[in-house]
Amino acid sequence: MQKTFFCYGGSAKDENRLLHMVSYFDHATGRVPKPTVLLDKATDDAHDNPSMMLDADGFVWVFSNAHGTDRPAYIQ
C-alpha cells in the first residue's frame, strides 16, 4: 500500500466550527480522496486540532486534543 495518511482541522462551509478531518495521498494514482469528517469539536479553538499516529499493525489512530478542560479529548 502506497498511501500517506494525514489529518487536519477543517471548518464547516458557512460556520466557524472546528472539524477533525482525515484523508490520504495515494502514491499510485497521485490523487487525494475527499476527506472524511471524524468529529465536530463544537468549538472554533484551533488548539483542539487533531494529531495522528500509525501503529506497528497498520492501524491509524487520530487523537482529538483538548485545550484545557472545557471540552473532552478523544481517541478515534
Out of curiosity, does Phe5 fall in the hydrophobic cluster containing Leu38 (side-chain heavy atoms, cut-off under 4.5 Å, transitive links)? yes
Ignoring hydrogens and angles, tell me if any N or O in the side chain of Asp57 forms a donor-acceptor pair with the backbone of Phe59 under 3.5 Å. no
Can you list the steps and then say if Thr4 with His27 is a side-chain contact (heavy atoms from CB on, under 4.5 Å)? CA-CA 8 Å; Thr4 301; His27 296 268; 2.6 Å; yes
Could you state whether Tyr8 and Phe63 fall into the same hydrophobic cluster, counting links through intermediate Ile, Leu, Val, Met, Phe, Trp or Tyr residues with side-chain heavy atoms under 4.5 angstrom apart? no
Look at the side-chain heavy atoms of Ile, Leu, Val, Met, Phe, Trp and Tyr, link any pair under 4.5 Å apart, and say whether Leu18 and Val37 land in one connected group. no
Indicate yes or no for a side-chain donor-acceptor contact from Lys41 to the backbone of Asn49 under 3.5 Å, with no hydrogens or angles considered. no
Can you tell me how far apart CG (Asn16) and OG1 (Thr43) are? Round to the nearest 0.5 Å. 9.0 Å
Quick check: closest heavy atoms across Ser64 and Leu39, and the distance to 0.1 Å? OG-CD2, 3.3 Å
Could you see if Tyr24 belongs to whatever hydrophobic cluster contains Val22? Use Ile, Leu, Val, Met, Phe, Trp, Tyr and a side-chain cutoff under 4.5 Å. yes
Considering all heavy atoms, the nearest Cys7-Ser51 contact: SG-C, 3.7 Å
Considering all heavy atoms of both residues, which atom of Val62 and which atom of Pro50 are nearest to each other, and what is their separation? CG1-CB, 4.0 Å
Checking His20 side chain against Asp48 main chain: does a donor-acceptor pair fall under 3.5 Å? yes
In terms of hydrophobic clustering (I, L, V, M, F, W, Y; side-chain heavy atoms under 4.5 Å; direct or indirect links), are Phe6 and Met21 co-clustered? yes
Just by modelled atom types, is the Pro33 backbone N or O under 3.5 Å from a matching donor or acceptor in the Ser23 side chain? yes
